[in-house]
Amino acid sequence: MPPILEASHLVKKYGELIAVDDVSFSIEEGEIFGLLGPNGAGKSTTIAMLSGLFRPTAGTARIGGLDVVKDLGRVKQLIGVVPQDLALYPTLSGRENVTFFGELYGLHGKELHQRVDEVLGYVGMVERAKDPVNAYSGGMKRRINLAAGLVNRPRLLFLDEPTVGVDPQSRNHIFESVERLNREQGMAVLYTTHYMEEAERLCARVGIIDRGKLIALDTPRQLIARLGGGIIRVGVPLQDDSVCQGVASLPSVAAANWAVPGLIPVDDEKRVDASSPGPAALGRPVLKVEAREGSDALVQVINYLNQRGVPILSLEVLEPNLETVFLHLTGKSLRD
């Protein structure tokens with residue numbers, strides 16, 4: 001069976017800014033696929049191109065075998081879109097909002113009524129469906145937003161940061177709704193998030209995107225397995241390459257390098273060499289150690305630095321997970 005979605009070399013430029021840079025991936029029928037990356041990485045722009053809101057600067061995308069530019073009218077019948085920004089009318093009730101979006105898809109009469117009841121049940125909003133949207137909590141609004149994107153029973157659902165700013169109960173409802181739709185209807189989902197625990201829970205495969213580029217794509221388990229025993233970050237006073245080489249040669253260490261480059265910002269106008277012993281620097285060199293075996297590597301690194309007489313100014317052990325994978329690939333946190 002061919003993939004429900006095929007994106008090939010997608011590019012989106014705004015003048016000199018490249019928001020999406022040569023992104024290619026596919027989504028299988030019935031798959032929950034995650035795009036994981038920080039705010040501004042290009043996730044929403046990618047969805048906007050795939051759903052026909054933005055025309056790609058370059059590249060192509062097909063959904064259900066249809067070109068998203070040439071066959072956009074037919075593509076829209078196959079997809080549901082739940083944008084990051086709420087797309088609801090605040091003075092209408094939740095039911096009226098979902099009904100309105102159903103009518104836009106050409107639904108009417110008994111079928112429309114049944115669909116609205118169905119999706120309100122999926123998102124757990126039947127009891128509050130008659131209340132105006134402006135009386136809802138942020139999480140309830142998100143759930144109605146999700147219901148509106150489901151009313152046409154799409155084969156592929158785009159969920160763009162659906163849990164931003166929601167309460168734990170609504171967040172759980174959204175997770176359960178996505179899992180149930182996928183399980184019962186075989187609905188494929190493109191799920192964007194910067195919360196690694198969401199991607200680990202929901203997604204069969206994950207693409208990691210940063211600065212518009214897709215820098216990794218695999219199952220969460222395989223991505224995490226690349227880190228072996230995780231990452232150890234050790235703050236030291238001086239950047240000594242012989243120390244880095246010595247740590248890298250330890251039996252339980254896969255690799256070691258300096259996480260902080262030779263020049264560290266001191267303020268907006270000055271820079272200081274990291275090897276300088278002066279007290280002015282805001283940061284210090286950080287030795288990033290990729291461990292084969294986490295506990296053994298930690299003991300070996302500490303013992304080696306003690307033997308070399310290198311003071312340990314800070315010590316951080318990062319267990320293998322998608323957050324650590326992103327930090328390893330980009331040098332920054334998902335929420336930076």
Inset, instruction - Salt-bridge test for Arg171 and Glu198: reply yes if a basic N is under 4.0 Å from a carboxylate O, no otherwise. - result: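 Yes.
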
Legend entry - Side-chain (Asp71) to main-chain (Asp67) donor-acceptor, under 3.5 angstrom: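 Yes, Asp71 side chain to Asp67 backbone: donor-acceptor pair under 3.5 Å.
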
Legend entry - Check: Thr219 side chain, Ala204 main-chain N or O, donor-acceptor pair, under 3.5 Å: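 Flag not set: sc Thr219 to bb Ala204 has no pair under 3.5 Å.
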
Inset, instruction - May I ask you to decide whether Glu176 forms a salt bridge with Arg180, counting only side-chain N to carboxylate O separations under 4.0 Å? - result: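 Not counted as a salt bridge, because no side-chain N and carboxylate O are separated by less than 4.0 Å.
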
Inset, instruction - Taking the six-membered ring of Tyr105 (Phe, Tyr or Trp), confirm whether the NZ or CZ of Arg115 is under 6.0 Å from its centre and within 45° of its axis. - result: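 Ring-cation test returns no.
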
Inset, instruction - State, yes or no, whether a side-chain contact exists between Leu36 and Thr193 at a heavy-atom distance under 4.5 Å. - result: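 A side-chain contact exists here, since the closest heavy-atom pair is under 4.5 Å.
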
Inset, instruction - Indicate yes or no: at least one non-hydrogen side-chain atom of Leu287 is less than 4.5 angstrom from one of Trp258. - result: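 SC-SC contact between Leu287 and Trp258 confirmed.
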
Legend entry - Pair Asp117 + Arg95: basic N to acidic O under 4.0 Å: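 Yes, this pair counts.
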
Legend entry - Check: Tyr195 side chain, Val164 main-chain N or O, donor-acceptor pair, under 3.5 Å: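 Side chain of Tyr195 to backbone of Val164, a donor-acceptor pair under 3.5 Å: no, none is there.
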
Inset, instruction - For the residue pair Tyr14 and Phe54, categorise the inter-ring angle as parallel (less than 30°), tilted (30 to 60°) or perpendicular (more than 60°). - result: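 Perpendicular.
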
Inset, instruction - Would you check if Ile63 and Ser51 make a side-chain contact, meaning some heavy-atom pair closer than 4.5 Å? - result: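 Ile63 does not reach Ser51 side chain to side chain.
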
Inset, instruction - Provide the closest heavy-atom pair for Val325 versus Leu223 in the form atom of the first, atom of the second, distance. - result: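 Closest approach of Val325 to Leu223, heavy atoms only: CG2-O, 3.4 Å.
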
Legend entry - Pair Arg284, Ser314: side-chain N/O donor-acceptor within cut-off below 3.5 Å: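 The answer is no; no qualifying pair exists.
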
Inset, instruction - Report yes if the side chains of Pro162 and Leu146 come closer than 4.5 Å at any heavy-atom pair, otherwise no. - result: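 When only atoms from C-beta onward are counted, Leu146 and Pro162 do not touch, as no gap falls below 4.5 Å.
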
Legend entry - Path from Ile32 to Val82 over hydrophobic side-chain contacts below 4.5 Å: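 Per the 4.5 Å side-chain linkage, Ile32 and Val82 are co-clustered.
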
